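Just below is one structure, and these are the notes that go with it.
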Amino acid sequence: MTNRTTVREFILLGLTDNFPLEVTLFLLLFGIYLSTLIGNMLIIIITQVNVQLCSPMYFFLRYLAWVDIFYMSSVIPKALVNIATGSKSISLVGCFVQTFLYLALGTTEFLLGAIMSVDRYIAICNPLHYPTIMNTHICSLLVICCWFGGISLILVACIPLFLMPFCGPNIMNHFFCDNGPLMKLVCVDTSFLEIIHFGLSVFSVLGTLIVNIVCYVKIVSTILRIPSTTGRKKTFSTCASQMTVVTLAYSSCIFMYIKPKGTIGLDYNKMVALLNIVMVPLLLPIILCLRNRQVQDALKAELRQWVGFFKKSR
């Protein structure tokens, strides 16, 4: 029993061995990471301080922005440090923590996305009952349930994985500790563990996807019945932005986790994982908020106040 786990660290092969390409990737990832932090923090600040953005939709967007910041930060900073220092190692505990945070935050994001779709469905299809149903207490409770659900589901999957023996090899063909490559390094048969992870992936990804599809089908059918052309365009533009982000997030995750085993190589999977980790949090402030007229007006108003404040302070 004392020799069950002999591995104390893992070696992450990263995205590439080409040094000039690594430099380019470092600068690109660093720029995208900073842009994502600034964009999502802008969403959080604007939706928090502006009274015009106090509706449930922006309440959920604020927490989705927080989740995206934590989600990206669970992977990208360590990847940047490894590229900058040339080190490819990560400790056993650090690998477990990164795996858990990545999966838990990703699952929480899917749950929040499903809640946001339900929110839009109620707002568009049942507008008279919307203020009663989506009150402050219910919205806060839904966010707490999303966090609790994401953490609980991933604990069920991760605890058995973390208790498995890792006797070597310790080389992982990835740029971060994902559950798939991590399971390949377990010294015993992981068939049952793979079934658990696959079942939870189907439940969390496909389950929330079904909720999104049902809500948007109902929304589209309601929009088509709106007599005013201007009203149809305005309502559909609000939902189209959210549907774009949802499509990108789900397509990449379904490809990575619910595809038939061994269909596509790990190198290609790394690119898809990078797209999911980097692009979705980056596109959230651009697609969902910065193209929204109400958010643009609120942002301009806040900027005018800040500029006026700094002028007075001088």
Side-chain angles (χ1 to χ4, degrees), residues 36-37 39-73 104-127 129-153 204-205 207-216 218-219 222-223 234-250 253 280-299:
T36 303
L37 288 180
N40 283 280
M41 285 304 300
L42 197 60
I43 291 176
I44 293 167
I45 294 171
I46 292 298
T47 55
Q48 182 71 49
V49 302
N50 194 283
V51 293
Q52 296 178 349
L53 305 179
C54 60
S55 66
M57 181 179 75
Y58 297 108
F59 177 83
F60 292 128
L61 274 177
R62 180 162 65 248
Y63 283 96
L64 186 62
W66 277 119
V67 172
D68 275 334
I69 288 174
F70 295 143
Y71 176 65
M72 196 174 183
S73 298
L105 291 166
T107 304
T108 303
E109 183 173 19
F110 282 129
L111 293 173
L112 269 174
I115 293 299
M116 290 174 64
S117 298
V118 173
D119 170 71
R120 290 297 85 205
Y121 162 73
I122 298 173
I124 295 171
C125 301
N126 297 281
H129 300 286
Y130 181 71
T132 305
I133 297 173
M134 302 302 291
N135 56 57
T136 304
H137 175 73
I138 294 297
C139 290
S140 301
L141 185 62
L142 287 172
V143 169
I144 292 172
C145 288
C146 288
W147 280 101
F148 179 78
I151 292 172
S152 300
L153 284 172
S204 59
V205 178
T208 54
L209 178 59
I210 290 171
V211 173
N212 279 283
I213 291 174
V214 171
C215 288
Y216 284 122
K218 296 282 188 180
I219 289 170
T222 302
I223 291 173
K234 182 179 180 181
T235 307
F236 185 75
S237 64
T238 303
C239 298
S241 299
Q242 187 172 330
M243 289 170 65
T244 303
V245 177
V246 166
T247 301
L248 181 61
Y250 278 101
C253 279
V280 175
L282 177 65
L283 291 175
L284 174 69
I286 298 173
I287 295 178
L288 289 183
C289 281
L290 297 184
R291 291 182 60 191
N292 184 297
R293 174 63 62 182
Q294 194 174 4
V295 175
Q296 289 178 359
D297 293 340
L299 181 59

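All values derive from a computational prediction rather than experimental measurement. Side-chain atoms are counted along with the backbone in the values below, which use heavy atoms only and exclude waters and symmetry mates.
- Annotation for Ser117 and Ile219: closest pair O-CD1, 4.2 Å, computed over non-hydrogen atoms.
- Distance check: Leu105 CG to Tyr71 OH gives 8.5 Å after rounding to the nearest 0.5 Å.
- Note that OG1 of Thr208 and CD of Glu109 are 10.5 Å apart. Values are rounded to the nearest 0.5 Å.
- We find the CE-CE distance between Met57 and Met116 to be 7.5 Å, quoted to the nearest 0.5 Å.
- Ile44 is linked by a side-chain contact (heavy atoms from CB on, under 4.5 Å) to Met41, Arg62, Ala65, Trp66, Ile69, counting only residues two or more places apart in sequence or in another chain.
- Scored by the side-chain hydrogen bond (donor to acceptor under 3.5 Å, both in side chains) test, Asp68 finds no partners at all (sequence neighbours excluded).
- Contact of the Val118 side chain with the Ile122 side chain is registered, since non-hydrogen atoms from C-beta on lie closer than 4.5 Å.
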Let me see the working for Ile124 and Lys218 under side chain to side chain contact (heavy atoms under 4.5 Å, CB included), right down to the final yes or no. CA-CA 9 Å; Ile124 295 171; Lys218 296 282 188 180; over 6 Å; no
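- Met72 CE to Leu37 CG: the interatomic distance, rounded to the nearest 0.5 Å, is 7.5 Å.
- In terms of the ring pair (Phe, Tyr, Trp, His ring centres under 6.0 Å) criterion, residue partners of Phe59 (sequence neighbours excluded) are, by chain and number, Tyr63.
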Using the rule given for side chain to side chain contact (heavy atoms under 4.5 Å, CB included), can you reason through Asn126 versus Tyr121, listing the C-alpha separation, both sets of side-chain angles and the distance that settles it, and then say yes or no? CA-CA 7 Å; Asn126 297 281; Tyr121 162 73; 4.1 Å; yes
What verdict does the side chain to side chain contact (heavy atoms under 4.5 Å, CB included) test give for Asp119 and Tyr130, after you've listed the backbone C-alpha separation in whole Å, the side-chain angles of each residue and the deciding distance to 0.1 Å? CA-CA 8 Å; Asp119 170 71; Tyr130 181 71; 2.6 Å; yes
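- Residues forming a side-chain hydrogen bond (donor to acceptor under 3.5 Å, both in side chains) with Ser55 (at least two apart in sequence, or on another chain): none.
- Going from atom OG1 of Thr108 over to atom CG of Leu153 covers 9.0 Å, rounded to the nearest 0.5 Å.
- In this structure, the side chains of Cys215 and Arg120 stay at 4.5 Å or more apart for every pair of heavy atoms.
- Atoms CG and OG1, from Leu64 and Thr47 in turn, are 11.0 Å apart once rounded to the nearest 0.5 Å.
- Residues forming a ring pair (Phe, Tyr, Trp, His ring centres under 6.0 Å) with Phe60 (at least two apart in sequence, or on another chain): none.
- Partners of Ser73 according to the side-chain hydrogen bond (donor to acceptor under 3.5 Å, both in side chains) rule, which considers only residues two or more places apart in sequence or in another chain, are Tyr33.
- Closest of all the heavy-atom pairs between Gly150 and Leu111 is N-CD1, 3.6 Å.
- Side-chain contact between Leu209 and Phe110 is absent, with no heavy atoms from C-beta onward closer than 4.5 Å.
- The side chain to side chain contact (heavy atoms under 4.5 Å, CB included) test with Tyr216 singles out one residue from Val214, Asn212, Ile213, and that residue is Asn212.
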